Amino acid sequence: MLYKQVTYSFLMFFTILSTVAKAQQLYIESGVESAFFKDYVNNRGENSLDLSYPKSQEFFIESGLRLNIYKERLKLNLGGSYNTYKINTGFFSGESSIPLTYNLTYVSIKSGFIFNIINEPRFKFQAHTHLSYDWLYKGTSTFRGVVNDLYNDNTYDKTLIRFHKGLSVEYNISNKIATYISYNITDSFREKNKDSNIEESYVFHTNAISMGMIFNILSRREICYGGF
């Protein structure tokens, strides 16, 4: 797993250099997202989590750069985000479900592609896919009124590699500014033996909806001819 993380970080570094050097758009977005532990398996090979608790919608903010790769239809995206999550869950003890709440804050960087399925001058319908590397900034869990510091106690995995996919609608207000609405689904890669319990594993799953603004660094004519 260490080899994969080093390789991913190396590729991300060169993506950052390439995008920053040739970026043609700056974007900033904000929205809400919910999270839960998907396909959880404990050290006995059982799923003991109760996922029936209400999902909490929490705030996130993201900003980054975009590079036109092919005729404004395909773009390379590089971004960074600040994400907060509140996960209301519980675990089964016999036939009873005991509430357990997580409050987590991550910072992340991500890179990927945005493809314009509909590519009109004013209106664009897009599909996007990204990979991200997420670092836990702070985290607590609350169980029966007791708050545990997951970060300082080293009882929770501090890094995630996640795969993002989603759809968005973009509207060009002018040659310099555009706005968009985006929906995104994200799953982390399953990692074993990195948490407080040996052989415990899960997928960190999120659903997000957001709104953003795009600012053209170059004029529209320069962007149109700036691809590879």
Side-chain angles (χ1 to χ4, degrees), residues 1 4-5 7-9 11-12 15-16 19 27-41 47 49 51-66 74-89 101-117 125-139 141 150-151 156-170 180-192 194-195 200-214:
M1 188 64 198
K4 290 182 179 179
Q5 291 182 341
T7 301
Y8 179 75
S9 299
L11 293 174
M12 181 70 77
T15 301
I16 291 172
T19 307
Y27 75 92
I28 183 168
E29 71 177 84
S30 179
V32 294
E33 58 188 332
S34 62
F36 66 90
F37 300 115
K38 177 181 174 183
D39 300 330
Y40 173 84
V41 176
N47 186 346
L49 283 186
L51 300 180
S52 65
Y53 289 82
K55 302 294 187 299
S56 178
Q57 300 289 331
E58 299 297 319
F59 169 82
F60 77 94
I61 187 168
E62 179 179 330
S63 184
L65 301 168
R66 294 181 180 179
L74 180 64
K75 294 183 179 181
L76 175 65
N77 188 88
L78 172 70
S81 66
Y82 178 89
N83 307 72
T84 58
Y85 305 103
K86 181 178 181 181
I87 303 177
N88 301 307
T89 186
T101 301
Y102 289 84
N103 287 281
L104 308 170
T105 302
Y106 284 90
V107 292
S108 69
I109 56 174
K110 73 176 188 179
S111 64
F113 298 96
I114 300 172
F115 178 74
N116 293 337
I117 300 171
F125 178 66
Q126 304 164 325
H128 47 85
T129 180
H130 297 79
L131 283 174
S132 72
Y133 198 97
D134 301 61
W135 291 269
L136 183 70
Y137 177 70
K138 59 183 177 180
S141 66
L150 302 176
Y151 186 88
Y156 186 82
D157 188 1
K158 292 183 179 180
T159 61
L160 295 171
I161 297 177
R162 301 196 296 157
F163 176 69
H164 303 243
K165 58 185 177 181
L167 299 171
S168 57
V169 174
E170 179 182 319
Y180 64 92
I181 299 175
S182 182
Y183 177 70
N184 193 62
I185 299 172
T186 308
D187 285 309
S188 69
F189 290 94
R190 183 184 293 272
E191 300 176 7
K192 293 184 178 181
K194 291 195 66 180
D195 300 286
E200 180 186 52
S201 67
Y202 55 85
V203 172
F204 192 85
H205 178 91
T206 63
N207 293 278
I209 186 167
S210 59
M211 295 184 64
M213 298 292 293
I214 302 170

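None of these values were measured; they are calculated from a predicted model.
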Nearest-0.5 Å distance, CD1 of residue Ile181 to CG of residue Leu167: 12.5 Å

Residues Glu62 and Tyr82: side-chain donor-acceptor under 3.5 angstrom: no

Between OG on residue Ser81 and OH on residue Tyr106, distance to nearest 0.5 Å: 12.0 Å

Residue pair Ile185 / Phe163, side-chain heavy-atom distance below 4.5 Å: no

Derivation of the side chain to side chain contact (heavy atoms under 4.5 Å, CB included) call for Phe113 and His130: CA-CA 6 Å; Phe113 298 96; His130 297 79; over 6 Å; no

Polar side-chain atom of Lys158 near backbone of Tyr151 as donor-acceptor pair, under 3.5 Å: yes

Partners passing ring pair (Phe, Tyr, Trp, His ring centres under 6.0 Å) against Tyr102 (at least two apart in sequence or in another chain): Phe37

Test item: Lys165 and Asn184 side chains (from C-beta on) under 4.5 Å apart, heavy atoms: no

Sequence neighbours excluded, every pair satisfying salt bridge (Lys or Arg N to Asp or Glu O under 4.0 Å) that has a member inside residues 201-213: none

Verdict with supporting geometry, Asn207 and Glu33, side-chain hydrogen bond (donor to acceptor under 3.5 Å, both in side chains): CA-CA 5 Å; Asn207 293 278; Glu33 58 188 332; over 6 Å; no

Separation between CG of Asn83 and OG of Ser108, rounded to the nearest 0.5 Å: 5.0 Å

Distance flag, aromatic centroids of Trp135 and Tyr137, threshold under 6.0 Å: no

Flag side-chain contact, heavy atom, 4.5 Å: Ser30 against Phe60: no

Between His164 and Thr206: side-chain donor-acceptor atoms closer than 3.5 Å: no

Side-chain heavy-atom pair Ser168, His128 within 4.5 angstrom cut-off: yes

CG on Asp39 to CG on Leu49, rounded to 0.5 Å: 11.0 Å

Note, Tyr53 side chain near Leu51 side chain (heavy atom, < 4.5 Å): no

Residues Ile87, Leu104; criterion side chain to side chain contact (heavy atoms under 4.5 Å, CB included); working and verdict: CA-CA 8 Å; Ile87 303 177; Leu104 308 170; 4.1 Å; yes

Evaluation steps, side chain to side chain contact (heavy atoms under 4.5 Å, CB included), between Leu136 and Thr159: CA-CA 6 Å; Leu136 183 70; Thr159 61; over 6 Å; no

Side-chain (Arg190) to main-chain (Phe204) donor-acceptor, under 3.5 angstrom: no

Minimum-distance pair of heavy atoms, taken over all atoms of Leu78 and Ser111: CD1-CB, 4.2 Å

Side-chain heavy atoms of Leu160 within contact of Phe189, under 4.5 Å: no

Exercise: do Gln126 and Tyr180 side chains pair donor with acceptor under 3.5 Å: no

Gap between atom OH of Tyr202 and atom OG of Ser188 - 0.5 Å precision: 7.0 Å

Contacts of type ring pair (Phe, Tyr, Trp, His ring centres under 6.0 Å), residue Phe36, not counting sequence neighbours: His205

Donor + acceptor pair across side chains of Thr105, Thr84 (<3.5 Å): no

Sidechain-backbone polar pair: Asn88 side chain, Pro54 backbone, donor-acceptor under 3.5 Å: yes

Nearest non-hydrogen partners of Leu76 and Gly112, listed with the distance: CD1-O, 3.3 Å

Verdict with reasoning, Ser182 to Met211, per side chain to side chain contact (heavy atoms under 4.5 Å, CB included): CA-CA 6 Å; Ser182 182; Met211 295 184 64; over 6 Å; no

Basic-acidic side-chain contact under 4.0 Å: Asp134, Arg162: yes

Arg66 and Tyr27, any side-chain heavy atoms less than 4.5 Å apart: yes

Shortest non-hydrogen separation from Ser210 to Glu29 and the atoms involved: OG-OE2, 2.6 Å

side-chain hydrogen bond (donor to acceptor under 3.5 Å, both in side chains) between Thr101 and Asn103, worked out: CA-CA 7 Å; Thr101 301; Asn103 287 281; over 6 Å; no

